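Let me begin by presenting the structure, written as structure tokens, before commenting on it.
The shown structure was predicted, so the numbers you read here are calculated from the model rather than taken from an experiment. By convention in this document, chain letters (A, B, ...) are assigned in the order of the sequence lines, proteins followed by strands, and residues within each chain are numbered from 1.
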Amino acid sequence: MTLLNFFISGISLGSIYAIIALGYTMVYGIAKMLNFAHGDVIMVGAYVCFYAVSRYDLPPVAGVALAMFVCTLLGIIVEKLAYKPLRQAPSLAVLITAIGVSYFLQNTALLLWSSNPKVFPSVVGRGAIKLFDGQLSLSHVTVVTIVTCVVIMICLTWFTGNTRMGKAMRACSEDKGAAQLMGINVNATISMTFAIGSGLAAVAGVLLCSAYPTLMPTTGSLPGIKAFTAAVFGGIGSIPGALLGGLLLGVIEIFAKAYISSQLSDAVVFAVLIVVLLVKPAGLLGVQMPEKV
Amino acid sequence: MTEPILKVEDIHVYYGSIHAVKGISFEVNEGEIVTLIGANGAGKSTTLNTISCLLHPSTGSVSLLGKPLAKTPPHKVVERGLAQVPEGRRIFLQMTVQENLEMGAYTQTARGASGVAQDLERVYDFFPRLGERRRQVAGTLSGGEQQMLAMGRALMSRPKLLMLDEPSMGLAPILVEQIFEIIADLHKKGSTILLVEQNAQMALSIASRGYVLETGKIVTTGTGEELLASPAIKKAYLGGD
């Protein structure tokens, strides 16, 4: 039963990684860049929700909606100001810019909200569901996190598979030049991708801080890096890969914490990543399409 | 006299300091197949990309149905009635055949789902192979089928002018013939086509008119038969003696 408990916490943590990883993977897929500021968007989302709920007494749902709105806007603005002018620049320049944006967001948060940790109020309460005579306990946060992740995955899969905009996003991620020749506005599509990724980051931020209630300006960076790892693990650019990578990463991390050592858990996670990349360089679900002649 | 579909007037195009196109002028009238032939680096693709507004001429102008195309963003050019089948096909390999065609119809929002469905059926009638494989991922198609898909995809935008960039490139000789038959057939069914080719023999055999490009300039022009018969052309491009 403890095993099952650990497994469920792993899936729950993994769901958060998966939601963050989606942002990395979608942006990478379409803009071929690693948006290292993505983790900090999570932090901004969490702060917005924190202030909305605990200072202005908005209902949690409104807090989450506001956080999503602010982050979506933030994602679009960051893309317009920082990344769009570098569309033709070498990828290293874009990468450094992304790191710069990451520090900019962290330091702005430091100025605005100070470095004192805030205790995040859980948006779904602190209750738990007890099963099997109390041997298995599922906190509300865990349940909501897993359900949210599933719903987001279903919506995104439907969106990219069935809508005009979603298909245009896939077309752009394969070949921007050809997509342009179809009449697709590539810049608008990239903007849209940043908007979706950042909106999801806000959700992830709220879920993360509901489960681990310490909120600081650096709260987003480690989960951001881990979610990036999850995206690479699953195959960067692939939406199902982000889910698989996120879940595996969460489960491995929790099991490593429980059975090996909590200090070593991150090392174990990254060791597994290295092994996977040695065997499958494109990640678990990554594709490398050969050219037909 | 009716307005030509496409009119290119004295365009000069630079890549940095390289003067790739040095004053090219030509036109394409409704119902014609016009071909631009020439060796590698003659400026054929540059000309095509300039017409598609992917590149901008430093001087000169391009107009479509009498209206200048200058400063149109590339994705708006499609709405104006230009479709380009790019060099190397550039189909979306990870999407299905049908999704590729739907992307071709991206600008056709005014026609609605039923209009697009009609156009899909028209393309499938024309390319039955694509119809059989509509649910298949495009990366699994053979090279010839991929070229058909690239052409079908361009037709989905209901272009007034269809521009083909090296459709024979990288295909086996038997497929090359098949692709040219398809182009001739499209022309018969009313498409106006601008064809850029290195395979001068094939291109001229189906073209109404041709222009021969050499290092960024038009050196000769004439009808398809005239150019095929011209001794200079034979010597330079057709490997004759």
Side-chain angles (χ1 to χ4, degrees), chain A residues 25-26 28-32 80 84 87-89 156-193 234-242 282-283 285-293, chain B residues 48-49 52-54 72-96 98-109 113 116 137-147 149-150 153-154 156-159 163 165 169-172 175:
Chain A
T25 226
M26 288 171 71
Y28 178 82
I30 202 157
K32 300 287 175 274
K80 274 261 132 64
K84 195 179 169 199
R87 210 48 58 75
Q88 311 300 331
L156 263 190
T157 309
W158 178 82
F159 175 75
T160 53
N162 296 288
T163 64
R164 179 169 172 268
M165 190 72 204
K167 287 179 193 176
M169 277 168 59
R170 282 160 62 210
C172 286
S173 70
E174 262 202 64
D175 187 337
K176 282 197 265 302
Q180 203 167 42
L181 289 176
M182 302 297 108
I184 296 170
N185 185 342
V186 174
N187 281 328
T189 312
I190 292 178
S191 233
M192 180 78 181
T193 310
I236 196 151
S238 151
I239 289 177
L285 300 181
V287 278
Q288 279 165 330
M289 194 65 87
E291 198 187 340
K292 266 278 179 18
V293 285
Chain B
L48 219 54
N49 287 335
S52 285
C53 293
L54 296 173
T72 310
H75 65 270
K76 293 273 183 201
V77 172
V78 186
E79 284 168 38
R80 298 274 301 270
L82 262 183
Q84 188 191 142
V85 178
E87 189 177 323
R89 310 183 281 265
R90 307 270 292 268
I91 58 168
F92 304 115
L93 296 172
Q94 295 174 33
M95 298 173 85
T96 65
Q98 179 133 336
E99 284 173 337
N100 267 276
L101 295 174
E102 285 168 6
M103 285 296 103
Y106 188 79
T107 53
Q108 300 297 299
T109 42
V116 171
V137 173
T140 63
L141 299 180
S142 72
E145 289 163 349
Q146 290 190 2
Q147 185 61 52
L149 179 56
R153 185 177 67 171
M156 288 297 291
S157 69
R158 313 193 122 227
M163 305 198 291
D165 195 352
M169 195 175 82
L171 294 181
L175 288 174

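- Heavy-atom neighbours of A:Lys32 NZ from other residues, nucleotides or ligands within 6.0 Å: above the threshold of 12.
- The part of B:Ile91 that comes within reach of chain A is its backbone (N, CA, C, O), which places non-hydrogen atoms under 4.5 angstrom from that chain.
- Taking chain B as the reference chain and counting heavy-atom pairs below 4.5 Å, the highest number among A:Ala179, A:Ala178, A:Gly177 is found for A:Ala178.
- Comparing B:Thr96, B:Val77, B:Val78 by how many heavy-atom pairs each has under 4.5 Å with chain A, the most go to B:Val78.
- Among the candidates A:Lys167, A:Arg164, A:Arg170, the residue making the largest number of heavy-atom pairs closer than 4.5 Å to chain B is A:Arg164.
- Here the CE-CG distance, from B:Met95 to B:Leu101, works out to 10.5 Å after rounding to the nearest 0.5 Å.
- Distance CE/A:Met26 to OG1/A:Thr160: 7.5 Å, rounded to 0.5 Å.
- The most heavy-atom pairs under 4.5 Å with chain A, out of B:Met103, B:Gln84, B:Arg153, come from B:Met103.
- In terms of heavy-atom proximity, B:Tyr106 sits nearest to A:Ala168 at CE1-CB, 3.6 Å.
- The number of heavy-atom neighbours closer than 6.0 Å to OH of A:Tyr28, taken from other residues, nucleotides and ligands shown, is 12 or below.
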